[in-house]
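This structure is a prediction, so every number in the text was calculated from the model and none was measured.
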Amino acid sequence: MLRSQIATSLKNIKPFLKISSSLKPYSHRPEMSMASVEESQVGILCYISQLPGFRGILKQRYSDFIVNEVALDGNVVHLTTLDSPLEIAVEKKGKVADLQDRDYTHEIESFRVLAGDSDVEKLKELIDQVVTGVINKDETIVLSPSSDKCHRTAVHNFFKERMKCLVTDTVDGPDSSSKCIRVRMNSGSNNGRGRNSRKRKNRDDKPYDSRGSDSSWPENLGKFLRFHLYKENKDTQEALGLLSKMLGTKPRSFGFAGTKDKRAVSTQRVTVFKQRASKLAALNEKLIGIKVGNFCHVNEGLVLGQLQGNRFTITLRSISAENEDIIRAAATALGKNGFINYFGLQRFGSSSIATHLIGAALLRGEWKAAKDATRQIREYYKESGDIEGTLRQLPRYLVAERAILQCFQKSPGNYLQALLAIPRTLRMMFVHSYQSYLWNHAASMRVQNYGFQQVVLGDLVYCKEEENDKETLTSPLECEDDAGDDTHIDCNLEDIPVADLSEVKNASVKVISEEDIAAEKYSIEDIVLPLPGSRVCYPSNEIGKIYHDLAKKDAISLTESAHNSKEFSLTNMTGAYRRVFQKPKDFEWELLKYTDPNLPLAETDMDVIAKSRASRIVRDSDEKESPHDCRPETDNCNNEIDISANIKDDTQTETSESQESQTALKLGFTLPASCYATMAIRELLKTSTSVAFHRALN
């Protein structure tokens, strides 16, 4: 997992994820020791179509893989403008006027139930004196001491929800075990002394903190700024990390619906808390490989899973087949029949990482299996003695290494505690990867045994009666950490899917009966297979047995836990269902001829913006009858917005005058979130989708 750029400075540190042979399941096969994960090792074995494949290079250039998010309303997300809208702030109504215009009798009586008579009298006196002007609006009251944090939280929430003209904070009580809530008018400013202010024990001169007060933000603007993030050859977390640094805010201030591939050109929606569009738009002049635009203020931030899917524009270069009819037939078949909805290689890591093997070890409770991976880390720091200094050398995206090191600093030898110190998203990725490993094998067995033409006795399908009641299941690999960690989690997974419209929880499934087959009510598109968990059922034919047999070979039970750690137990996970077969939506394709491998064959959003600006400049210039001024202005415009000019694609080759014409296949299609476009390409080419394979072709 350690990147080459830090290898020289940390030669003695071995990456956490380079797991030793002790992490291999008991059903270990020789090919498991290969340097990188192969498709056959994770159950990706079959194809739908029997048509021959052909040669083609995937992602020869990152611009050959374009991803546009599809929002929940079905609209494809594009970057169409870099300009910020006019943001006019409307002054809020005075808080004293709020008290004068409204009767708070009902709220005060509700507060009596919550806080008691003594505090109610204090509150009434504060309101009366402020309204009549007897005291200054900055006057405060301090409620009775309380050592019950839940009660104090309820009081804070009462004012936030029912008396927004007042704000609260917490100050020290008369003894060390108690705290007091202080109440004041929402004056619209904290005088520069916010929640990061230094707290003093004397409550009389303690500065106010800003919790509960929204007065600093214009009420006519939504608290979240939504914008479209366009990026080239960068992953989502890397791009947001850069934006947060330039804005001076925390990465957790951003929200997004799903991560996108790094080696790609992608556009997606992002929200950020309480930021002005003009401030973000100004960053475009400094950003390389990233652009932001299409700004608007909204009341709610984006969360993982709030997307319908992704629109892909994929160009396969250096296409080679016996004849073009083979290519045409394969492309037509993909659009008509779809592909097996395997979890792609990204789910299982890259390089030497085999996340499903780690997951199997965790399910068995083999905490010491990480010993070989962490011993050299502990020894290095033990010898150097400079723990803090070496931690500063570790990039923030090496989350696992940092977490293990920090844990062993506090609790040497506690392997389970070290695992739990890793952010939950990252550590749960291993178990979910093992679930995917079982699912892929079951899907392959379903195709091998029964084909893809029709449902068979014992298959699992979604109930037709429940079609309108299906719920979307967010993927187990959501980049969410319960601890609220700000760090960039990078486990060499290029595209971690975050929501899956083909995985459904709480949906009714049924086992196909002879009556169902006779009625021809269900088709192969309805067939699902479970991701193991405590609330799923399995097919009643041979496929259900595959799950248990394969897990048993790995010394894992699907119904019982081998240890007391619920987090690493399938019995503590609900499980889900995933469609076995997936058809691409709005599928289109075309064959292209090209000679220069460095020229893009598909338009990105920035290409469209650049062309629009250039044509507008030419048009304005023609109207002024100044043709000599046209070219320089166009060049200046391109320097501002053509980010590709500032980024050298790492696969560019030198052009020659005598290049032969080559063929490319450009595909366009939409998939539900968490469906892998690489699996559609695999069905087309009948070749591996591994990065190593396509690098060799290139």
Side-chain angles (χ1 to χ4, degrees), residues 89-131 137-173 178-191 193-197 199 203 206-226 252-253 255 271-275 297-303 306 482 484:
V90 176
E91 292 295 329
K92 288 193 173 185
K93 183 180 178 182
K95 301 303 176 181
V96 175
D98 287 344
L99 285 175
Q100 293 172 335
D101 296 343
R102 181 175 172 185
D103 182 6
Y104 280 95
T105 302
H106 181 70
E107 284 77 5
I108 289 176
E109 291 305 313
S110 297
F111 184 67
R112 188 187 304 276
V113 177
L114 179 64
D117 294 338
S118 175
D119 286 341
V120 165
E121 293 306 316
K122 292 180 182 179
L123 179 61
K124 289 173 64 177
E125 183 178 359
L126 173 66
I127 294 175
D128 291 342
Q129 290 180 338
V130 171
V131 170
K137 63 181 181 180
D138 291 329
E139 188 71 18
T140 67
I141 59 170
V142 178
L143 303 182
S144 302
S146 173
S147 58
D148 186 346
K149 185 176 181 179
C150 292
H151 177 261
R152 296 198 305 269
T153 300
V155 174
H156 284 302
N157 289 336
F158 173 84
F159 285 99
K160 286 181 181 180
E161 297 169 4
R162 306 188 63 175
M163 300 191 74
K164 296 181 180 180
C165 58
L166 300 173
V167 291
T168 61
D169 63 357
T170 303
V171 296
D172 293 334
S178 66
K179 299 286 184 180
C180 296
I181 292 178
R182 181 170 55 181
V183 184
R184 75 181 193 279
M185 289 296 301
N186 191 344
S187 61
S189 173
N190 60 5
N191 298 320
R193 300 173 297 178
R195 63 164 50 190
N196 292 324
S197 301
K199 295 185 177 180
R203 66 171 179 258
K206 177 185 173 184
Y208 298 123
D209 76 26
S210 58
R211 287 177 292 182
S213 175
D214 296 323
S215 56
S216 61
W217 188 254
E219 62 182 3
N220 64 306
L221 297 179
K223 294 180 185 178
F224 294 89
L225 176 66
R226 189 176 68 200
R252 71 174 68 179
S253 299
T271 56
V272 62
F273 185 63
K274 288 187 178 180
Q275 291 288 338
H297 286 277
V298 295
N299 293 322
E300 299 292 337
L302 284 169
V303 296
Q306 288 183 332
D482 289 349

Is a side-chain N or O of Trp217 found less than 3.5 angstrom from the main chain of Gly222, in a donor-acceptor match?
->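 Yes; at least one donor-acceptor contact below 3.5 Å.
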Ignoring hydrogens and geometry, is there a side-chain-to-backbone donor-acceptor pair from Thr140 to Arg184 under 3.5 Å?
->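 Absent.
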Evaluate whether atom NZ of Lys124 has more than 12 neighbouring non-hydrogen atoms of other residues, nucleotides or ligands under 6.0 angstrom away.
->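 Atom NZ in Lys124 is not crowded, with 12 or fewer foreign heavy atoms closer than 6.0 Å.
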Return yes when atom CD of Glu300 has more than 12 non-hydrogen atoms of other residues, nucleotides or ligands closer than 6.0 Å, and no otherwise.
->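 Counting neighbours around CD of Glu300, 12 or fewer heavy atoms of other residues, nucleotides or ligands fall under 6.0 Å, so no.
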Interatomic distance, [X] atom [atom1] to [Y] atom [atom2] [nearest 0.5 angstrom]:
X      : Y      : atom1 : atom2 : result
Lys274 : Phe224 : NZ    : CZ    : 9.0 Å
Leu221 : His297 : CG    : NE2   : 4.5 Å
Ile141 : Ile181 : CD1   : CD1   : 10.5 Å
Asn157 : Thr168 : CG    : OG1   : 8.5 Å
Asp119 : Leu143 : CG    : CG    : 4.5 Å
Ser144 : Asp117 : OG    : CG    : 10.5 Å

Please name all residues satisfying side-chain hydrogen bond (donor to acceptor under 3.5 Å, both in side chains) with Glu109, sequence neighbours left out, ordered by chain then number.
->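 If we apply the side-chain hydrogen bond (donor to acceptor under 3.5 Å, both in side chains) test to Glu109, skipping adjacent residues, the hits are Arg112.
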Under the side chain to side chain contact (heavy atoms under 4.5 Å, CB included) test, which residues partner Ser110, sequence neighbours left out?
->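 If we apply the side chain to side chain contact (heavy atoms under 4.5 Å, CB included) test to Ser110, skipping adjacent residues, the hits are His106, Phe158, Arg162.
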Might you point out which heavy atoms bring Gln306 and Gly301 nearest each other, and give the distance in Å?
->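 Taking every non-hydrogen atom into account, OE1-O, 4.0 Å.
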Which pair of heavy atoms, one from Pro145 and one from Cys180, lies closest together, and at what distance?
->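 Taking Pro145 first and Cys180 second, the nearest heavy atoms are CA-SG, 3.6 Å.
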If we only count heavy atoms from C-beta on, is the Leu123 to Met163 side-chain gap below 4.5 Å?
->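 Heavy-atom side-chain distance check passes, below 4.5 Å.
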Sole residue of His156, Lys149, Arg152 in side-chain hydrogen bond (donor to acceptor under 3.5 Å, both in side chains) with Thr170 =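 It is His156, the one option of His156, Lys149, Arg152 that forms the side-chain hydrogen bond (donor to acceptor under 3.5 Å, both in side chains) with Thr170.
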